[in-house]
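Just so you know, these numbers use all the heavy atoms, side chains as well, and skip hydrogens, waters and symmetry mates. So you know, we letter chains A, B, ... as the sequences are listed, proteins then strands, and number each from 1.
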Amino acid sequence: MVTGLGLVTPLGVDCDRSFSSLLAGEDGHRPVTLFSTEGYVTDRGGEIPTVPEPDMPPEHLRRMTRVDCLGVVSAEQAVLQSGLTEAEIAPHRVAVVMGAGAAGLYEAYAFFKAHEDGRRAPVRHHFGELQSSTGRWVAYRFGFMGPRACPSTACSSSLTAIGLGLRWIRDGEVDAAVVGGAESLSRLTFSGFNAVGALAPEPCSPFALDRRGMSLGEGGAALVLEDRDHALARGAPLLAELLSFATSADAHHMTAPHPQGLGAANVMRSCLTQAGLEPAAIGLVNAHGTATPANDQAECAALREVFGAAAKGLPVVSHKSGIGHCLGAAGAVEASFAVMALLADTIPPNLRISEVDPDCAPFDFPVAARTDAGLQYVLKESFGFGGSNAALILGRGDRP
Amino acid sequence: MSAAQVMVTGLGCVCASGTGVEELRASLLTGRSGVVIEGADRAAWRLHPEPVQFGKAVSRMVLRRLDKTMRMALHAARQAVAQAGLDPADSGARCGLVVGTGFSGSGTSLKYMRTDWRDGPSLADPSLFPNTVPNGAAGQLTIQLKLRGPFTNFFDAGVAGENAIAFARSEILLGNADAMVVCGVDERSEPVVALEEVYARAAGRRDPAGQLRPFDRDRTGAPRGSSAAVLVLESADHAGGRGARALAECGPVARRAEASPPGRWSRDASMLTAVAADALLERGWSSGDLGFVSAAACGSPEFDSMEADALRNLLGVSAPEIPVAALAGYCGELSASAVLRAVMGVLCLEAGIVPPTARLRVPDADLGLQVTCGDESIPLTRGRILQLGSGPGGGYSALTLSRP
């Protein structure tokens, strides 16, 4: 079960503010101020204006990267909501799995530049542990001593982190897990996506006919997962149920998806099978939806393949139109929104779709929030460089 | 064999002590390390394998897309898959991949940024960018070997390899895959060498890396190496069903992690003892059943002492009798060393040996362990290995290997 949620996004520094802004159709893209964007096709990104500081002493705060702060603040919110630290639970029975794609590269860039210029870099700019450091800070913040891992599969990293938490709980290795991921904007990723021609000049519009590419964003998300009996025994809030999880590889291309979405379809199908659900049971697809033509088309091809007759009119949303692509954090941020959609029984809107790409038919891409949606299950999927695919299914937490 | 058993059916490696398992096996028999640490130019130290050659097996067009990390990983994976007799392309999505790494992508990231700095944003080299991601080697392996099953990549400064092995076991036992290719890969890239200097300066050490002498009385630290190692794991039923030879059984991975902030590794011996005890318990073994312990020691003064404390706690009165071999001297310190050390462990089970601790000159008598040394391996009396893992990321792990 999901018993706690934490979020820091370009739309707000907690779950409520982020989700209400999302439902209102607000746009978190703004001019990037973290580094110079001169020479790139856009100066816009989902930058968080002020990253909140976690409740840590100054000697630690000075060592924490931007992405560490995003991850730890998210975890603080999630753990507080779950009441996990109040529970009688052995520290080594709580895992921490925080995924990272380019995490820490904002500071690592400074390390690389200092090295290149023959200068010394501040200690927090050392790249050696940057990607796995967020999970380590989370564990330290709460004293959790169970297994810890940092899955790094580019843009599916944090969705994989959630799935690993589920696995470890089901395997009996731990009773609870703090899972998620964080990502900050960085010059290296901005430059890279610019170089490969993936960045859109204006904020992105997934699945729209006139889409011109992706926008980058940043954020942090954390979820507390617990075995159902464990959560029930201590009266923890049951926000949602995590039913299934799967990964796969396209084995096709480093940056382009399999054109028919072969690997994507495999993880979706596996999730449905594991959960014992028919496609028609899914009330909402929380899509990867990057807004590059190839990605959106491949994702829709996979959805058509898996959902068959149930594809027509199936609601599909991509939150990247509101917050940008948070890369390694995208899966966890968007899965958190999926949990909130289940709790509110409300489908959030897609932004900037005036006309849907016919290649993305026959799905329904809502452009306004839809209340009383009757949601029971949401399919969440994330895909990344290297042909990595991950998916999971979330259900309402109040199911018997 | 039972359905709950996970077997090793293929091995591959590329490291300073051998390109291919036959070379590595020969090194283990005699304690010969290919590592050379001499001179002031640390970039010239030999902590990496010879450049791998693919012949006509991989086209030049493909090779041009692969950085050093990827080439090492691909070479090792091709060996392992061939030995296992697997054809992943024919297995649909039933054969997957998991990679553990500490620094994959770091060298290419620096190269990429240099093109941005030198030529400007509009001319940064787009061909380099895909290889900057930490799962670049993993992605290329899936593409080149057509591995479409369960897939992930672990990034960690200490136990990435153990997490990879655990993930593979889980996917097999859950029935999500028939076989998993498990790769551990690290590259001693230019940023890694730079990082060694920074850490040494922060620690007030003049020697930025140390001489890589595990459990040595005069140990001073360990430089990082470059290597790739691959295990093919599959269920006993699947291996038996297709007539594959099981080389060893791979037991569960016991894991914990300390709750300390980055940069403050407490080196908690009790935690390492606990995971080691958990790993033995999972197999129903006692410490006296062990043929040898494959230690994580790399020549760090503090870490090696901590591991020795943990082993004495675990082994109790058996400590003087159970051989302990630290294998880092064969290849350098690695973030994903678990996979390479597991490959070495399986080779030792097959050869019936306990290998010498390479590069060890004068064993530290204060550690109270029977650490192997010299230039001759000793006979393995029991076909059971306990492999310990730990690292600056604060993770502690233990796994077991045994004869099939």
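- For E171(B), the part sitting under 4.5 Å from any heavy atom of chain A is the side chain, from C-beta outward, and nothing else.
- For a residue to count as touching a neighbouring chain, one of its non-hydrogen atoms must lie under 4.5 Å from one of that chain's; by this rule R167(A) touches chain B with the side chain only.
- With values rounded to the nearest 0.5 angstrom, F385(A) atom CZ is found 9.5 Å from H253(A) atom NE2.
- Once rounded to the nearest 0.5 Å, the distance linking OG1 of T42(A) with CZ of F193(A) reads 14.0 Å.
- Taken to the nearest 0.5 Å, the CG atom of N131(B) stands 12.5 Å off from the OH atom of Y112(B).
- No part of T115(B) comes within reach of chain A, as not one of its non-hydrogen atoms sits under 4.5 angstrom from that chain.
- In this structure, CG on N389(A) lies 11.5 Å from SG on C155(A), to the nearest 0.5 angstrom.
- Counting heavy-atom pairs closer than 4.5 Å to chain B, the top-ranked of the candidates A139(A), S248(A), S270(A) is S248(A).
- The distance from atom CG of L164(A) to atom OG of S158(A), rounded to the nearest 0.5 Å, is 11.5 Å.
- A salt bridge is absent between K111(B) and E190(B); no separation between the charged side-chain nitrogens and carboxylate oxygens falls under 4.0 Å.
- Contact annotation for S191(A): both backbone and side-chain heavy atoms come within less than 4.5 Å of a heavy atom of chain B.
- In terms of non-hydrogen atom pairs under 4.5 Å with chain B, the most contact-rich of G101(A), A246(A), P151(A) is P151(A).
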Residue pair R256(B), D278(B): steps toward the salt bridge (charged side-chain N to carboxylate O under 4.0 Å, His left out) verdict: CA-CA 10 Å; R256(B) 293 189 189 188; D278(B) 287 347; 3.6 Å; yes
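- Residue contact with chain B, scored on non-hydrogen atoms closer than 4.5 Å, involves the backbone of D250(A) exclusively.
- Interface remark: H115(A) contributes side-chain atoms only to the contact with chain B (heavy atom separation under 4.5 Å).
- The candidate from G395(B), S170(B), A177(B), S397(B) with the greatest count of non-hydrogen atom pairs under 4.5 Å with chain A is S170(B).
- Side-chain contact annotation: S244(A) with Q274(A), donor-acceptor N/O pair under 3.5 Å absent.
- Contacts between A102(A) and chain B at a heavy-atom distance below 4.5 Å are absent for every atom of the residue.
- With a 4.5 Å cut-off on non-hydrogen atoms, H258(A) does not touch chain B at all.
- Both the backbone and the side chain of A194(B) have a heavy atom closer than 4.5 Å to some heavy atom of chain A.
- Ranked by heavy-atom pairs under 4.5 Å with chain B, the first of E38(A), K113(A), M56(A), H60(A) is K113(A).
- Taken from CG in L147(B) to CE in M180(B), the straight-line distance is 8.5 Å, to the nearest 0.5 Å.
- Proximity to chain A involves both the backbone and the side chain of F154(B), based on heavy atoms less than 4.5 angstrom apart.
- A salt bridge does not link E196(B) to R224(B): none of the charged side-chain nitrogens sits closer than 4.0 Å to a carboxylate oxygen.
- Top candidate by heavy-atom pairs under 4.5 Å with chain A, chosen from G149(B), S122(B), A124(B), is G149(B).
- Between R187(A) and D116(B) a salt bridge is recorded (basic side-chain N to carboxylate O distance below 4.0 Å).
- Within the 4.5 angstrom heavy-atom criterion, only side-chain atoms of E173(A), from C-beta onward, approach chain B.
- Between chain B and the options V196(A), V96(A), T189(A), heavy-atom pairs under 4.5 Å are most frequent for V196(A).
- Of the listed residues (A249(A), A195(A), S156(A), G386(A)), the greatest number of heavy-atom pairs within a distance under 4.5 Å of chain B belongs to A249(A).
- A164(B) and V98(B) make their closest contact through O-CG1, 3.3 Å (heavy atoms, listed as atom of the first residue, atom of the second, distance).
- Only the backbone of V253(B) has a heavy atom closer than 4.5 Å to any heavy atom of chain A.
- Inter-residue side-chain proximity for P261(B) and R63(A) is flagged as unmet; no heavy-atom pair is nearer than 4.5 Å.
- Interface residue L174(B): only side-chain heavy atoms are found under 4.5 Å from chain A.
- If you measure heavy-atom distances from F144(A) to chain B, the contacts under 4.5 Å come from the backbone alone.
- A donor-acceptor pair shorter than 3.5 Å cannot be found between the side chains of S266(B) and S260(B).
- T160(A) and T152(B) share no donor-acceptor pair across their side chains, judged by distance under 3.5 Å alone.
- Contact count versus chain A (heavy atoms, under 4.5 Å) is highest, among A160(B), G136(B), P121(B), for P121(B).
- With a 4.5 angstrom heavy-atom cutoff, Y396(B) does not touch chain A via any of its atoms.
- Interface remark: R65(B) contributes no atoms to any contact with chain A (heavy atom separation under 4.5 Å).
- For a residue to count as touching a neighbouring chain, one of its non-hydrogen atoms must lie under 4.5 Å from one of that chain's; by this rule N176(B) touches chain A with the side chain only.
- When side chains are defined from C-beta on, F190(A) counts as touching T37(A), because their heavy atoms get closer than 4.5 Å.
- Only the side chain of T255(A) comes within contact range of chain B, judged by heavy atoms closer than 4.5 Å.
- Of the residues considered (A390(A), S152(A), G135(A)), S152(A) shows the highest number of contacts with chain B, using heavy-atom pairs under 4.5 Å.
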